[in-house]
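Report on the following structure.
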Amino acid sequence: MKFITRREALRQSGLYLLGTAACAAFPGFGIGCSQGSVDPEKAAALMQDTRKAAVAAIRLTVVYDNVSYRQDLRTDWGFACLVEGLDRTILFDTGRYDDRLMANLSRLQIAPTQIDTLFLSHNHPDHVGGALAVLNARPAIDVALPASFPSGFKNAISKRGGTASACRHPRKITNHCLSTGEMHSWVRSEHALIILTDQGTIVLTGCAHPGVVEIVEQTKALTQQDVLLVAGGFHLLMDSASSVRKKAARLKQLGVRHVAPSHCTGSEAMEILAEAFGDRFIQSGAGRAVTADDLN
Ligand SMILES: [Fe+2]
Ligand SMILES: [Fe+2]
């Protein structure tokens, strides 16, 4: 696996990572600025309305990532991950360029027609760039997105027969999945995908701009379940080593069993997380498939 350096990440990610750079200049910028409070009664009702998927059936395949895992897949700044083994197949985010997304899907022998639901974590181009191409290939699907997405984007989904489902508050996405609800930061509002399983929750994050710790706290407040895995972008690229160590310790304190960070996590942060989680650190990157075998 190839870790990415801070400098390389900033070069690849372009101007929209100015928010990330601002984190360095102004500690706290963009991290955990606001977290939706969880109404226990509503959370309980939400949990009653969902079911737990069997971990044995679940497969998470990283389709798009700037971190390399399988050499035959193209790497590029962004993130996308296919979730299979649930009542519906979910594509979580879509990377930056539609042609690269489609090429990686093809290389992984995944047809867009397999996708039942599109989940868009936040409105940054490296996460939504391939969304309309997916809708062109697979029209009339549900698209779960933060309520703050621009109306033009929602209209483009509707024009292709899709249904934009705005997630302002925590809500059911499929029988096995929830949205954390829109969480806010100075950089961008974002929600994360919570998959309920028979061995705890799996949390998928796009960039984790509201803070990966805050997202896990929100997940635990909602579900009252142990966290089996947190995967995706952790956005620790500009954190100091001591800050990453504190966050790794907090994730462990929250009972997170496995982590599979990639995308905007940063190479130094990934090394620290690998040290903190030991054999429960899962190397991720484009082409990586995480299954029950990785989650013992
Ligand atoms: Fe990102
Ligand atoms: Fe982002």
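Heavy atoms only: backbone and side chains are in, while hydrogens, waters and symmetry mates are out. Ligands are counted one by one from 1 in listed order, and the atoms in each one are counted from 1 as well.
In summary, the side chains of Asp126 and His263 do present a donor paired with an acceptor at a separation below 3.5 Å, with no hydrogens or angles considered. Under 3.5 Å, the side chains of Tyr64 and Asp76 contain a donor-acceptor pair of N or O atoms.
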Next item on the list: Evaluate side-chain hydrogen bond (donor to acceptor under 3.5 Å, both in side chains) for Thr117 paired with Arg88, printing each intermediate quantity in order.
Entry: CA-CA 7 Å; Thr117 299; Arg88 299 177 75 78; 3.2 Å; yes
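With the Fe ion (ligand 2) as the vertex, ND1 of His124 and NE2 of His209 span 90° to the nearest 10°.
Counting backbone and side-chain atoms alike, His235 contributes no N/O/S atom closer than 2.8 Å to the Fe ion (ligand 2). Inclusion of His122 in the first shell of the Fe ion (ligand 2) is supported: an N, O or S atom falls under 2.8 Å.
Remark: Arg59 engages Thr61, Glu84, Ala289, Thr291 in a side-chain contact (heavy atoms from CB on, under 4.5 Å) (not counting sequence neighbours).
Of all the N, O or S atoms in Asp126, the one closest to the Fe ion (ligand 1) is OD2. Of all N/O/S atoms in His263, NE2 sits nearest the Fe ion (ligand 1).
Evaluation of the side chain to side chain donor-acceptor pair (under 3.5 Å) test over residues 130-149, restricted to residues two or more places apart or in two chains, returns Asp116-Arg138, Asn136-Arg160, Ser148-Glu182.
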